[in-house]
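Input: a single structure, listed below in structure tokens.
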2 protein chains.
Amino acid sequence: MMSSVTQDRPYSQTLTRLREAGLRPTRQRLALGRLLFDGGDRHVTAEALHEEAQAAGVSVSLATVYNTLHQFTEAQLLREVVVDSARTYFDTNVSDHHHFFLENSGSLMDIDGDKIAVTGLPQAPEGTDVARVDVIVRLHGAPRQAS
Amino acid sequence: MMSSVTQDRPYSQTLTRLREAGLRPTRQRLALGRLLFDGGDRHVTAEALHEEAQAAGVSVSLATVYNTLHQFTEAQLLREVVVDSARTYFDTNVSDHHHFFLENSGSLMDIDGDKIAVTGLPQAPEGTDVARVDVIVRLHGAPRQAS
DNA sequence: TCAACAACTTAGAACGATTCTAAAATTGAG
DNA sequence: CTCAATTTTAGAATCGTTCTAAGTTGTTGA
């Protein structure tokens, strides 16, 4: 089933994705969608994506970038990652996975969901459901090198 | 060794702790320290602690609450918990442990560090050290109850 | 004891990320 | 093409947090 649906082209079929999410394929959404989904998994902040769009010659306001990121998140095309109270990251990898977070540079790296196992979790308190389990491995750059 | 040093009284020896941390025991720091350390583990935000202090008749500015929380954190009397990009939580439990986070109410609950095991972690990228591994179990209130 | 200086507190301004507003522009349907 | 609904946008507003500069307090040592 669904043989190579997402593999057919190196491109993201952003148009289709937007349609399926019930979002009008506007110039801005298409451009941002392509920046986000063409080529590998990405972790972006609103500011960063905005700058990237500008640099690519796409004129989008910062407000629209925020709107779009949130709409994409609701549509499950993105996932929010909370690792730093100063900024919000959006992750194009929406599968079950975790993160390395390099505190020096503020960069994120995915850790495959089925590489890690979390065992011994107490059951969730009465009346609550587990929505998600996040594992964040915080890293510090180790400037010193054993020469 | 250190038999019951931290158990002798239900009180926090805040004065001693401040001295050891090289922080002058000012009226404000003592009051905040007592609110934080007398009685069980706590998770507070700056705003919340500020209100609590006011309610307790302690006059402290919000700026001082922020300063104090950061100084306590540097002194290892507190630990920052990042779970919500909108606010910063400070945890009086500085031992190795993890958290349940109730997204509805914004409340945190500790999960003992030795109850949980995280296995299969890939090794940290070249040139980096693991500073900490955080496990956050995000919960949603389940209003519906099987009657 | 108390002077003197460093450490500390504070009000309010400043800040940076994010959200809101309301008005203008675009989109899709017919 | 027209029109209504949706989307975009500039700029104002908000919110948590940090900064600033001035006043206060704690400590030290004569």
Side-chain angles (χ1 to χ4, degrees), chain A residues 14-36 43-54 56-75 77-78 80-90 106 108, chain B residues 14-36 43-54 56-75 77-78 80-90 106 108:
Chain A
T14 296
L15 211 171
T16 310
R17 294 203 201 197
L18 292 180
R19 288 250 162 74
E20 280 168 3
L23 296 168
R24 283 192 186 173
T26 63
R27 179 175 61 71
Q28 292 85 340
R29 296 213 268 234
L30 282 166
L32 294 176
R34 290 196 186 106
L35 287 175
L36 289 168
H43 302 94
V44 303
T45 61
E47 285 286 355
L49 183 58
H50 184 231
E51 279 166 27
E52 194 177 328
Q54 309 283 243
V58 179
S59 140
V60 205
S61 71
L62 184 55
T64 296
V65 172
Y66 274 104
N67 290 339
T68 303
L69 287 172
H70 287 135
Q71 292 152 358
F72 283 11
T73 301
E74 274 168 43
L77 301 176
L78 291 177
E80 255 185 77
V81 184
V82 180
V83 282
D84 181 344
S85 55
R87 72 193 82 263
T88 301
Y89 289 85
F90 293 85
L108 281 165
Chain B
T14 297
L15 210 171
T16 310
R17 294 204 201 196
L18 292 179
R19 288 250 162 74
E20 280 168 3
L23 296 169
R24 283 191 186 174
T26 63
R27 180 175 60 70
Q28 293 85 339
R29 297 213 269 235
L30 282 166
L32 295 176
R34 290 194 186 107
L35 287 175
L36 289 169
H43 302 94
V44 303
T45 62
E47 286 285 355
L49 182 60
H50 184 229
E51 280 166 26
E52 194 177 330
Q54 310 283 239
V58 179
S59 138
V60 205
S61 72
L62 184 54
T64 296
V65 173
Y66 274 104
N67 290 340
T68 303
L69 287 172
H70 288 135
Q71 291 152 358
F72 283 12
T73 301
E74 273 168 45
L77 301 176
L78 291 177
E80 256 184 78
V81 184
V82 179
V83 281
D84 180 344
S85 55
R87 72 193 81 265
T88 302
Y89 289 84
F90 293 85
L108 280 166

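So that the names make sense, note that chain A is the first sequence line, chain B the second, and so on, each numbered from 1.
- Judged by distance alone, with hydrogens and angles left aside, the side-chain atoms of R27(B) form a donor-acceptor pair with the main-chain N or O of S59(B) at under 3.5 Å.
- Computed from coordinates, the E74(A) CD to dT7(D) C1' distance equals 15 Å when rounded to whole Å.
- A donor-acceptor pair is defined here as one N or O able to donate and one able to accept, closer than 3.5 Å; such a pair exists between the side chain of R29(A) and the backbone of R24(A).
- The closest donor-acceptor contact from the side chain of H70(B) to the backbone of Y66(B) lies under 3.5 Å.
- Panel note: side chain E52(A), backbone A56(A); no donor-acceptor pair is recorded below 3.5 Å.
- Rounding to whole angstrom units, CG of residue L18(B) and C1' of dT27(D) are separated by 15 Å.
- Where Q71(A) and A46(B) meet DNA chain D, the nucleotide closest to each residue was compared, and Q71(A) sits on the side nearer the 5' end.
- For H43(A) (side chain) and Y89(A) (main-chain N/O), no donor-acceptor pair under 3.5 Å exists by modelled atom type.
- Taking atom CG of N67(A) as the reference point, atom P of dT9(D) lies 9 Å away to the nearest angstrom.
- Between P25(B) and R19(B), the closest heavy-atom pair is CG-NH2, 3.8 Å.
- Regarding D84(A), its CG atom lies at a distance of 14 Å from the C1' atom of dT18(C), rounded to whole Å.
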How does each nucleotide of nucleotides 22-30 of chain C score, in 5' to 3' order, for protein heavy atoms under 4.0 Å: base (B), sugar-phosphate only (S), or none (-)? -----BS--
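- Looking at T64(A), its side chain never comes within 3.5 Å of a backbone N or O of V60(A) through a donor-acceptor pair.
- Nucleotide dT19(C) holds its C1' atom 14 Å from the CG atom of L69(A), rounded to whole Å.
- Put simply, the residue from T14(B), L30(B), L49(B) that forms a side chain to side chain contact (heavy atoms under 4.5 Å, CB included) with L35(B) is L49(B).
- Proximity of a side-chain donor or acceptor of E47(A) to a complementary backbone N or O of E51(A) within less than 3.5 Å is not detected.
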Atom pairs, protein N/O to nucleotides 10-16 of chain D N/O, distance under 3.5 Å:
none

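- Across all strands shown, S59(A) has heavy atoms under 4.0 Å from sugar-phosphate atoms exclusively, and none from any base.
- Rounded to whole angstrom, the span from the NE2 atom of H50(B) across to the P atom of dA11(C) amounts to 8 Å.
- If you check every strand for non-hydrogen atoms under 4.0 Å, H70(B) touches sugar and phosphate atoms only.
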